[in-house]
2 protein chains.
Amino acid sequence: MARLIRERRDAVRRLGEIFRRHGYEGTSLALITAGTGLGKGSLYNFFPGGKDEMAAAVLDDIDGWFAEAIFRPLRRDPDPVAAIGAMLDGVAAYFDGGGRICLVGVFALGEVRDRFAARVQGYFAEWTSALSVALARCGHPPDVAADLAEDAVLAIQGALVLARAVDDRMVFGRALDRLRIRLAPVNADCA
Amino acid sequence: MARLIRERRDAVRRLGEIFRRHGYEGTSLALITAGTGLGKGSLYNFFPGGKDEMAAAVLDDIDGWFAEAIFRPLRRDPDPVAAIGAMLDGVAAYFDGGGRICLVGVFALGEVRDRFAARVQGYFAEWTSALSVALARCGHPPDVAADLAEDAVLAIQGALVLARAVDDRMVFGRALDRLRIRLAPVNADCA
DNA sequence: ACGATATTGTACCAATCAGTACAATCTGCG
DNA sequence: CGCAGATTGTACTGATTGGTACAATATCGT
């Protein structure tokens, strides 16, 4: 049983990379079997709902990771400045310094957004909200905290798009550098 | 003959909306015939290269529009501040205040990027470069002008992603408002 | 070792995919 | 009118799509 859930999670991770690379419509069952090494039998045993359930599982997995590694510290870490710094570092690592794009962003732009509307919206709303909380705890007034948070989340997404468009990861690095400055606490004694 | 090129351009415009909505892989010939009203015969008469040539024509059309309406004023308008303002207004209108996404951005995230790499890269490089020129002419030092330009282009893309993800056009409006402030000339007497 | 259950490879399905072929029709010109 | 060439609807292709059925196999507790 333990082996089962571990294998399923491995499969979800690989599925994520496939969906990331090819998008939802571009991901065929043939690509999935090749990329996961799992036959159709196993696939439909793990995910009886087919592609739809696979994508949902991937989105849940991603959301789970972000919730734990990024959103929770942002909300709860006693040191919000450190949490924001950790977010930037975590994001840089997660997106491979701009070499990896955001699957949720990809889904958001496609027509699949409607099918996974709640998950897509939840991911970004949570991110913006959590960051806003951390910024407010750093001394920013609530309204500027919300504005800064939205701006930061959007900048990360845009940086991923632009970095991939011009095929230059430095674009992403520079965007994060700017965010590091822009999100700096308004007063030093905030923590 | 004149009718021909006008009809072809109309077709390209409609094709653009279809590709925008469904992405490259998600756009089937069936969708295209339904969305353009053109049969396969006409389609392959206009675009012998098939989907590939259709997408290329769409990208060229978009690039042509931006080059004329946005990039050229940015570079040549005697009043760079006005050109930047016009860019923001033009972009707001073009993207329907956040209700319409950027096809080039969509392509950039997909695997089609490789097929249209030059066009995708050219679009964003030109945009960033033209805006950087305008900002420099406003009195910003060249390096900060380049940084600001990249930041602005990326913010627009990210705003489109986020606005669609959370299904709220206001996100895009707020991002443009921030840009209006961020791109303000460093000195009033620049024009 | 045994039966029950879970897992998986393979063959198969109807639907759809992008693209081709071509006869029928339309258009512009003399 | 009549002809040449452009345009277009329709039928068709072979390949691929997501998904199902199911027999063969592996794994499990006992």
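Below, chains carry the letters A, B, ... as their sequence lines are ordered, and counting in each starts from 1.
Atom pair R115(A):CZ and dG18(D):P shows a separation of 11 Å (rounding to whole Å applied). At whole-Å resolution of the value, CG in D10(A) and P in dT7(C) are 15 Å apart. Between L43(A) atom CG and dT7(C) atom C1' there is a gap of 13 Å when expressed in whole angstrom units. Summarising the geometry, the separation between CZ on F47(B) and P on dA6(D) is reported as 18 Å, rounded to the nearest angstrom. One interatomic measurement links the two molecules: CZ of F46(A) to P of dT7(C), which rounds to 7 Å at whole-angstrom precision. Rounded to an integer number of Å, the gap from CD of E25(A) to C1' of dT17(D) is 13 Å. At whole-Å resolution of the value, OH in Y44(B) and P in dC22(C) are 17 Å apart.
For E7(B), the side-chain atoms get nearest to dT8(D) when compared with the rest of dT20(D), dT8(D), dT7(C).
Using a 3.5 Å distance cut-off with no hydrogens or angles, the side chains of R21(A) and T27(A) do not pair a donor with an acceptor.
Salt bridge annotation for R75(B)-E126(B): present, with a cationic side-chain nitrogen under 4.0 angstrom from a carboxylate oxygen. Residues D167(A) and R113(B) are paired through a salt bridge, judged by an N-O separation under 4.0 Å between the basic side chain and the carboxylate.
For the pair R8(A) (side chain) and F46(A) (backbone), a donor-acceptor distance under 3.5 Å is present. No donor-acceptor distance shorter than 3.5 angstrom exists from the side chain of S42(A) to the backbone of L38(A), with no hydrogens or angles considered. Not a single donor-acceptor pair under 3.5 Å links the side chain of R137(B) to the backbone N or O of V81(B).
The side-chain heavy atoms of W65(A) and I70(A), taken from C-beta on, include a pair separated by under 4.5 Å.
Of the residues in residues 49-62 of chain B, G50(B), K51(B) come within less than 4.0 Å of DNA chain C through at least one heavy atom, sorted by number. Less than 4.0 Å separates DNA chain C from at least one heavy atom of each of the following residues of residues 27-36 of chain B: T27(B), S28(B), L29(B), A30(B).
No option in D60(B), D61(B), D114(B) other than D60(B) meets the salt bridge (Lys or Arg N to Asp or Glu O under 4.0 Å) test with R119(B).
For R182(A), the CZ atom sits in a packed shell: over 12 heavy atoms of surrounding residues, nucleotides or ligands are nearer than 6.0 Å.
In this structure, N45(A) and K40(A) both approach DNA chain C, and ranking their closest nucleotides by distance from the 5' end singles out N45(A).
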